[in-house]
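Chain A is the first sequence line, chain B the second, and so forth, proteins listed ahead of strands; every chain is numbered from 1. The figures that follow rest on heavy atoms only: side chains count, while hydrogens, waters and symmetry mates do not.
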Amino acid sequence: MAAHIGSSARSRSKFELYMWFFTRVSGVLMLVLGAYSIIYANLIGGPGMMDAAAQTRWAFFPISFHVTASKVEVEPNFQNAFWQFYGLLLFLLAATHGTNGIRVILKDYVRQPVLLAWLNALLFIVWLSMLGAAVYLLFVAQGVS
Amino acid sequence: MSKLARVTLSQFLTYRGGQPMLAWLLHRIAGIGIVLFVGMHVLAAFFLYGVTGGTANTVANALTEFYESRPMQIFILFAVLYHGINGLRIVVLDMWPGLHRFHREAMWLQWAVFLPIFLIPAFLIALGIKIG
Amino acid sequence: MKVKVKVRRFNPEKDHRPYWGEYQLEAQPTDRVLDLLVYIKGYIDGTLTFRRSCAHGICGSDAMVINGRNRLACKELVKDVGRTIVIEPLRGLPVIKDLAVDMEPFFRKYRSILPFLINDEPPPYTERLQSPEARERFDDTTKCILCAACTTSCPSFWANDSYLGPAAIVQAHRFIFDDRDRGAQARLAILAEADGVWRCRTIYNCVDACPREIDITRAIGEVKKLLLVE
Amino acid sequence: MIHRFDVIVVGAGGAGLMAALYASRGAKTAVISKLYPTRSHTGTAQGGIGAALGNMEEDHPEWHIFDTIKGSDYLADQDAVKILCEEAVGMVYELEHMGLPFDRTPDGRIAQRPFGGHTNNVTKQPVRRACHAADRTGHMILQTVYQQCIKNNVTFFDEYQVLDLLVNDEGHVAGVTAIHIDSGELHTFYGKATIFATGGFGRLWKITSNAYALTGDGVAVAFRRGIPLEDMEFYQFHPTGILGLGILLTEGVRGEGGVLINGEGERFMPRYAPTVKDLASRDVVSRAIYLEVRAGRGIGGKDYVYLDVRPETVNKYFVEDGVKNPDGTPRRITAQDIRRKLPDISDFCKTYLQLDPIKSPLPIQPTAHYAMGGIPTNNNAEVVIDAQGTVMPGFYAAGECACVSVHGANRLGTNSLVDILVFGRRAGQNAAIYAAQADWPRLPAAAEEPARAALAAIRNGTGREVVAQIRAEMRSLMMDNVGVFRTEALLSEALARLRDLKECFSRISIMDKGKRWNTELLEAWELGCMLDLAEVTTVAALTRTESRGAHFREDFPERDDVNWLKHSLAYLEADGQIRMDTKPVTLGLYEPARRVY
């Protein structure tokens, strides 16, 4: 009944602000990166050398595996340090954007704090493993093929 | 006291929100779909290249078969394009709050951009037509 | 014209679960939905329970779900809602009885955002000066009548009632953008928390639900933007 | 359950919240309200709060005093009016300091608009005195004062309905009995000082601007406990209510230039008030509308007229009247101005009339609006129980439920907001001072029993009468017989039928026998209050054989200062009869004069 005025002991964490902003920036950046990949694919390979599926795959994610079935020269056009780091950046953005999205959804719907904490921990591990797998694929697996 | 506070799924679904509520729902479904797809894809690739060194791998095969199926391809295309274009609408409105006034128009604009970009490739995938 | 009114009934004293009450009555096209409820209570079933007061959209008592949307029963006319009218209590607040919900959680959030002018500077003998432009800056959010239609239309709020909700943010906006106020930092700190503005997903249900036509999402957007540039 | 507080405030509208805000600074204070505070009817006040700030043009509190006294038809107590108008200025500044978002002039001061009956005493022309926040001034006042109560941690008991006033054998008020609407349990609020700020009772009439909640509970409860009611025959009908619904269209519409038009397309107010025309005081305008309708000049011969605020109409009459801006340029308005200054009015018209005020004239009829009478108080907001001004210890009243009297026979537009704040503040301050030095009054034994019995009688009633039916009949009866025009025949008939209805009321039954949120029970109880007040109003109207302000007797069409320049007091006798008495009017500033606008 009596009014409770907000306690002064509030945490002033800016985490949510940063994640909110990151989501927006990364989203736009991914669109830009995707657009650049598909433009590059068309400049290099052209519609004559790659089918639509290959172009789409490349646009979504520039890793040489995605164009190996095409008639274009994969090396050096599509397999070099630039595209490796480009891919890493894209994956970092995508994985973080996506993981944060799942975190937000969990925060919305999971009401038990303990369960939420466990799920968040699990999510963090998945995020790290995904990054690990991506680094391996981009720099090790792709390198040996 | 705290009776009937929780909103049930049917209450959720029977609320007649506008288009933006549908957009939000699709955005979430698409987002979860992308996360699952990317997760499967990375896992499959990791099994294929990391575990069996590029040769056939049962786990990778099963996953690949699933997400390369035609409906999944269309769904992924939908998810990525919808999530991307809808996301762009939200980013624009977030950065210029004055534009919220035009949020209804923004929805129509979004459909106008999304539908052709999505439908043409989806149609081609559905018919199994390859270009190039 | 004949209309059918279906009301989601629930009396915790005797019902285990809610049920639908159906009433047929004669109505004029220009009758308010509230008039129908008042008629039902007066002449058909006195146990029907709902809140009402001013009956013209200012007091904010009679927000409810009418044909699937949050509306004030006193601002909806029969001719606009059709011959079958389905009425439910607001979603996301505990139902006390029939269409009356417990508003306390809602008002608790309102109180948490420091909803009062904060300015410890000694005021002048007469009024503080404020330009018409500065006054216009927060005009939209001064219209809020705390009916809870916005907050209870918000899927983010339904999912998790720890979210402050649109109404509380609108009320905070009214002070943050008032150039006489000095409490913006304190309020922004509250709104920047995990349960603050970031739970807004720009779904616009609140804008559609607001009987005062406040551009709520814009207000929330302005708060987000302010937090970002700070 | 017993709650102990130094000061108990009943009602959380403008007066109650203001009283609570001030009382809580010096005393442990509780506010009891049957609605959430922000639902209170203060929130629907539209046009403005009158205060002679002189921001737009020359103005003085003395002019405001004179206008109020003249508006009251010289029945207001002039010392009280002086307090009202002089404190109004500081009150508006205080509201501004509390954060109220008044509209502003280009140089940043509080903007003001003309209102009915507010004039420049020298030129006799309308003066801009109503300080406004668009057309939701009351909403902003209610919110702002509630915000201050939150800031000051005032204790609220929301959705508790007061059923009884506790008066002990020494005649001291010891608190109230209230029902917690949610649980259905009775609670005793035991206090040293009790402030009633329970609002009016417009629901007595069929066409009213008043909320469903305005059933006069507080006034009726006090009356049943032996407190007389003052000036109950004076009930104001606001001229411009939306046809059929009674929803108010503020006088600010006419303040911005709107005019009243009859069925012949004629602007008729100049015939009734040659100087201020459409901005005459409310009783004058309401009567003028009825006279037009009676003469067959309603729209299409029906019982309503138009309020026309279309820019072309307004500007036409601005030219005709030579209306000027403060800087001397001819005054004009645009559609834009109307939308900006009267947004809620535009919204009401669109919602309920499907009309855009910029494009169409608006069908209006007078609507029951405001009770000038009520619980008699002195200038300290202490309740007085006889013509000699004997104070009832521990009992205060403020706002519409009280009669100081600052409104006399007719309230001036904007003065209700001034009244609730100025006298709400006085009630709070004085109650806190009283509580600090008074001993705890003896709590009557079995304090809750009368309320419990009253509810039980309704709950257990097995008759066949229907509450809604009786209520509808009473409201039609009051509208037809105890409205703007009254005669002995109409009033006597009303009295007889009201007594029949009271008889019917004793034979009601209700369907809801539950405890929680039993609003059917409470509505029935409220009907009992309304029937009591309807009877008092009718008896008082029968007794006053003159016409003054809002009380117009066709059989006594002239004001009679010789016999009736006095307040009426209505007492409830032990046998249930109503006894009428009078008390003198405090003059001293302005001698009664003929009232022309």
Query - Region of Asp98(C) in contact with chain D, defined by heavy-atom distances below 4.5 Å - result: neither
**Report entry** Criterion salt bridge (Lys or Arg N to Asp or Glu O under 4.0 Å) against Asp139(C), the qualifying member of Arg136(D), Arg104(D), Lys341(D)
**Finding:** Arg136(D)
**Report entry** Part of Glu127(C) lying under 4.5 Å from any heavy atom of chain D
**Finding:** both
Report task. Select, from Ala468(D), Ala472(D), Gly514(D), Gly43(D), the one with the greatest count of heavy-atom pairs under 4.5 Å involving chain C. Result -> Ala468(D)
Report summary line: Among Glu76(C), Met103(C), Arg52(C), the residue with the most heavy-atom pairs under 4.5 Å to chain D is Arg52(C)
Query - Ile58(C) side chain near Gln46(D) side chain, heavy-atom distance below 4.5 Å - result: no
Query raised in the report: In terms of heavy-atom pairs under 4.5 Å with chain C, which of Ile510(D), Leu521(D), Asp347(D) leads?
Result: Asp347(D)
Requested in this report: Please check if any side-chain donor atom of Thr519(D) sits under 3.5 Å from a side-chain acceptor atom of Lys97(C), or the reverse.
Outcome: no
Query raised in the report: Is it the side chain or the backbone of Ile44(C) that comes within 4.5 Å of chain D heavy atoms, both, or neither?
Result: backbone
Query raised in the report: Any sub-3.5 Å donor-acceptor pair from His139(D)'s side-chain atoms to Cys144(C)'s backbone N or O?
Result: yes
Query raised in the report: For chain D, which residues from residues 60-72 of chain C lie under 4.5 Å away (heavy-atom distances)?
Result: Gly60(C), Ser61(C)
Query - Verdict with reasoning, Trp517(D) to Arg51(C), per side-chain contact (heavy atoms from CB on, under 4.5 Å) - result: CA-CA 10 Å; Trp517(D) 260 88; Arg51(C) 288 194 182 92; 3.4 Å; yes
Requested in this report: Count the heavy atoms of every other residue, nucleotide or ligand shown that sit under 6.0 Å from CD of Glu26(C), and state whether that count exceeds 12.
Outcome: yes
Report summary line: For Thr47(C) and Glu520(D) the tightest heavy-atom approach is N-OE1, 4.2 Å
Requested in this report: Check whether Leu100(D) gets within reach of chain C through its side chain, its backbone, both or neither, counting any heavy atom under 4.5 Å.
Outcome: backbone
Report summary line: With chain C, the option among His41(D), Gln148(D), Met140(D) that has the most non-hydrogen atom pairs under 4.5 Å is Met140(D)
Query raised in the report: chain C heavy atoms under 4.5 Å from Glu94(D): which part of the residue, side chain, backbone, both or neither?
Result: neither
Report summary line: Rounded to the nearest 0.5 Å, the OG1 atom of Thr105(D) sits from the CG atom of Leu129(C) at a distance of 8.0 Å
Query raised in the report: Does any non-hydrogen side-chain atom of Tyr212(D) lie less than 4.5 Å from one of Leu34(C)?
Result: yes
Query raised in the report: For chain D, which of Arg174(C), Lys14(C), Glu136(C) has the most heavy-atom pairs under 4.5 Å?
Result: Arg174(C)
**Report entry** Atom pair CD1/CZ of Ile145(C) and Arg39(D) - distance to nearest 0.5 Å
**Finding:** 7.0 Å
Report task. Go through the steps to decide whether Arg180(C) and Glu96(D) satisfy the test salt bridge (Lys or Arg N to Asp or Glu O under 4.0 Å), and finish with yes or no. Result -> CA-CA 10 Å; Arg180(C) 299 170 297 169; Glu96(D) 197 283 333; 2.8 Å; yes
Query - Whether Phe107(C) and Tyr146(D) hold their rings parallel, tilted or perpendicular, with breakpoints at 30° and 60° - result: perpendicular
Query - Side-chain donor/acceptor of Arg109(D) to backbone N/O of Thr126(C), under 3.5 Å - result: no
Query - Per-residue contact mode, Gln171(C) against chain D (heavy atom under 4.5 angstrom) - result: side chain
Report task. Please name the pair of heavy atoms, one in Ala55(C) and one in Ile247(D), separated by the smallest distance, quoted to 0.1 Å. Result -> O-CD1, 4.4 Å
Report task. Sort Leu77(C) into side chain, backbone, both or neither according to what part of it lies under 4.5 angstrom from a heavy atom of chain D. Result -> side chain
Query raised in the report: Do Pro124(C) and His97(D) come close enough that some side-chain heavy atom pair is under 4.5 Å?
Result: yes
Query raised in the report: What part of Tyr110(C) is in contact with chain D, defined as an atom under 4.5 angstrom from a non-hydrogen atom: side chain, backbone, both or neither?
Result: side chain
Query raised in the report: So Lys143(C) and Asp344(D), salt bridge (Lys or Arg N to Asp or Glu O under 4.0 Å) or not? Walk me through it.
Result: CA-CA 10 Å; Lys143(C) 294 184 207 157; Asp344(D) 281 6; over 6 Å; no
Query raised in the report: When only pairs under 4.5 Å are counted, which of Phe348(D), Phe102(D), Tyr36(D) shares the most heavy-atom pairs with chain C?
Result: Tyr36(D)
Query raised in the report: Taking all non-hydrogen atoms of both residues, which atom of Arg135(C) and which atom of Ala133(D) are closest, and how far apart?
Result: NH2-CB, 4.3 Å
Report task. Any chance you could measure Phe116(C), atom CZ, to Met98(D), atom CE, to the nearest 0.5 Å? Result -> 13.5 Å
Report summary line: Ranked by heavy-atom pairs below 4.5 Å to chain C, first place among Val466(D), Ile110(D), Asp107(D) goes to Ile110(D)
Query raised in the report: Using non-hydrogen atoms only, which part of Asp35(C) is less than 4.5 Å away from chain D: side chain, backbone, both, or neither?
Result: side chain
Query raised in the report: Counting distance only, does the side-chain N/O of His56(C) pair as donor-acceptor with the main-chain N or O of Gly246(D) below 3.5 Å?
Result: no
Query raised in the report: Looking at side-chain heavy atoms only, is the closest gap between Gln147(D) and Leu117(C) below 4.5 Å?
Result: no
Query raised in the report: What part of Lys515(D) lies closer than 4.5 angstrom to a heavy atom of chain C: side chain, backbone, both or neither?
Result: both
Requested in this report: For chain C, find which of Ala211(D), Pro101(D), Gly244(D), Ala213(D) contributes the most heavy-atom pairs closer than 4.5 angstrom.
Outcome: Pro101(D)
Query - Pairwise distance CD1(Ile150(D)) to CZ(Arg111(C)) - rounded to 0.5 angstrom - result: 6.5 Å
Report task. Output the option from Ala100(C), Cys54(C), Gly57(C) having the highest count of non-hydrogen pairs under 4.5 Å with chain D. Result -> Cys54(C)
Query - Rounded distance (nearest 0.5 Å) linking atom OH of Tyr352(D) with atom SG of Cys74(C) - result: 4.5 Å
Query - Spacing of Asp102(C) atom CG and Asp182(D) atom CG [to the nearest 0.5 Å] - result: 7.0 Å
